[in-house]
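Computed over heavy atoms, backbone and side chain alike; hydrogens, waters and symmetry mates excluded.
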Amino acid sequence: MGSAMDHVGAAGGRAKKASGGSQLWKKALLHSSLCFVMGFFTGFAPSSVSDWRSVAPAGVGSSHVVKTPQVIASGAAMDRSLLARDAAARIGGVPRPLLVVVTTTESTPTAAGERAAMLTRMAHTLRLVPPPLLWVVVEAAPDVPATAKLLRDTGILYRHLTYKENFTAAEVAAGKERHHQRNTALEHIERHRLAAIVHFAGLGDVYELRFFDQLRQISTFGAWPVARMSRNERKVVIQGPACSSSKVLGWFSRDLMSNGTAGTGGGTAATSPEIDVHGFAFNSSVLWDPERWGRYPTSEPDKSQDSMRFVQQVVSEDYSKVKGIPPDCLEIMVWGVDTTPPPAPSSSQQTPGNKRR
């Protein structure tokens, strides 16, 4: 009897041990499966938010980020963080200075037809310039949508600035709109404290690529000769500084006819002709330098607020701050093409054969 009861007890113990062991295996298997699933899906996620560029498609970099209207209206902190990404470009261990290239446009119907083609050509040029570079394009509000789409496709770090002021055809012809556009760009640079070398590039300008390396060697102001051609006249006008090495001694202007001879109206360094806006660049720090406000009397507050007029005055009057580039200023590295269409002939200028009968 006792033997039978012992046998039954031993069998029940073995059954409990078998059921307990199977439950442990099930728990272990479930735990391992959950860990495997979590690890599998975690491996597809980036390690941190800051590493989003590591999973971005090829060709999408920091320049792609700034192409939204929100960034255009961002503050100084956002501007500095975006530009800092390109500051990694170095020359012999020293960071390259930032170049800010300002391009103005015109709101006339004639200019609107050529604007897209000329902006595209300028974009192709700037893409060949080593970073960091910021392209500032200024234009009237009605022209913004078409240009905004074009700029988004350039792959260049840019700012797209606009304004609401209207200008008459006479004011556009007199250059008042372009002057306002340049001041708009300088106001943006000063507000956000963009430390850079600032250059005004015309839509019709053609560059030697080595020119941009020369720009980065400017400490305060720099100037160079510009050869300007016109589609309406068969001549080239050369304007720029007269230099001894890199020291500016004065300014000259000379007309060259199509046969290479000097035409009438040629100037010398002593004549101090009007300086071509596209013929100089400057360090943006001069815009917030306290010396700027001491150059004008308190009775002329408008002049002190006109940033463009200020930098033009310093370049034309204070030669000691201007560096001539390239050395001796003998090489033309910038060609300006006047894209103004020829005026339509009036009825009085038509020949009898062209008049309608």
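- Nearest heavy-atom pair, P225 versus E331, reported as atom, atom and distance to 0.1 Å: CG-O, 3.6 Å.
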Problem set entry | Audit row: V314, V311, side-chain contact (heavy atoms from CB on, under 4.5 Å) steps and yes/no | CA-CA 5 Å; V314 175; V311 295; 5.8 Å; no
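- Ring-plane geometry between Y163 and H180 is classed as perpendicular, the angle between the planes exceeding 60 degrees on a 0 to 90 degree scale with a lower cut at 30.
- Separation of atoms CG (L134) and NE2 (H192) is listed at 10.5 Å; rounding is to 0.5 Å.
- Note: M333 CE to W335 CH2 = 13.0 Å, rounded to the nearest 0.5 Å.
- Counting only heavy atoms from C-beta outward, the side chains of K323 and S219 never approach each other to under 4.5 Å.
- Side chains of S284 and I197 form no contact here, defined as non-hydrogen atoms less than 4.5 Å apart.
- Side chain of S244 to backbone of D328: no donor-acceptor contact under 3.5 angstrom is found.
- Between Y158 and R152 the shortest side-chain heavy-atom distance falls below 4.5 Å.
- S246 contributes atom OG, which lies 8.5 Å from atom CD of Q214 (distance to the nearest 0.5 angstrom).
- The minimum heavy-atom distance linking V286 with F310 is given by the pair O-CE2, 3.6 Å.
- For W224, the ring pair (Phe, Tyr, Trp, His ring centres under 6.0 Å) criterion is met by H199, F211, not counting sequence neighbours.
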* Run the side-chain contact (heavy atoms from CB on, under 4.5 Å) check on K149 and D153 step by step: do they pass? -> CA-CA 7 Å; K149 183 180 184 303; D153 297 333; 3.8 Å; yes
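- Side-chain contact between Y319 and K247 is absent, with no heavy atoms from C-beta onward closer than 4.5 Å.
- The side-chain heavy atoms of L119 and L203, taken from C-beta on, include a pair separated by under 4.5 Å.
- With hydrogens and angles left out, the side-chain atoms of T103 and W135 include a donor and acceptor closer than 3.5 Å.
- Contact record, D205 with F200: OD2-O, 4.4 Å, taken as the closest heavy-atom pair.
- Atom CD of residue E139 and atom OG1 of residue T162 lie 6.5 Å apart, to the nearest 0.5 angstrom.
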**OP:** Start with the C-alpha gap between Q239 and V226, add the side-chain angles, then the distance that decides, and say whether side-chain contact (heavy atoms from CB on, under 4.5 Å) holds.
**Re:** CA-CA 5 Å; Q239 294 180 331; V226 178; 5.6 Å; no
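- With hydrogens and angles ignored, the 3.5 Å screen pairs no side-chain donor or acceptor of R96 with any backbone N or O of P132.
- Taking all atoms of both residues into account, the shortest heavy-atom contact from V101 to A201 is CG1-CB, 3.5 Å.
- Note: Y207 and F212 meet the aromatic proximity criterion, with ring centroids under 6.0 Å apart.
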task = Run the numbers on M118 and M122 for side-chain contact (heavy atoms from CB on, under 4.5 Å), then give the verdict.
result = CA-CA 6 Å; M118 301 184 74; M122 178 62 69; over 6 Å; no
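- For the pair T147 and R115, the minimum side-chain heavy-atom distance is below 4.5 Å.
- Grouping the Ile, Leu, Val, Met, Phe, Trp and Tyr side chains by contacts below 4.5 angstrom, directly or via other members, places I325 apart from L330.
- With sequence neighbours excluded, no residue forms a salt bridge (Lys or Arg N to Asp or Glu O under 4.0 Å) with E171.
- Connection of M229 to I332 is established within a shared hydrophobic cluster, with ILVMFWY side chains joined at heavy-atom distances below 4.5 Å, either directly or through further cluster members.
- Taking CD of E165 as the reference point, atom CD of Q181 lies at 10.5 Å (rounded to 0.5 Å).
- You'll find the side chain of T125 stays beyond 4.5 Å of the side chain of V206, heavy atoms only.
- Rounding to the nearest 0.5 Å places CG of L209 at 10.0 Å from CG of L126.
- In plain terms, the two heavy atoms of M308 and N183 that are nearest each other are N-OD1, 2.9 Å.
- V144 and L150 are not part of a single hydrophobic cluster, where members link through side-chain heavy atoms under 4.5 Å apart.
- Under the rule for a ring pair (Phe, Tyr, Trp, His ring centres under 6.0 Å), H179 has no partner lying at least two apart in sequence or in another chain.
- Taking both residues in full, the closest heavy atoms of R216 and P130 are given as NH2-O, 2.8 Å, listed atom of the first, atom of the second, then distance.
- E187 places a side-chain heavy atom less than 4.5 Å from the side chain of R191.
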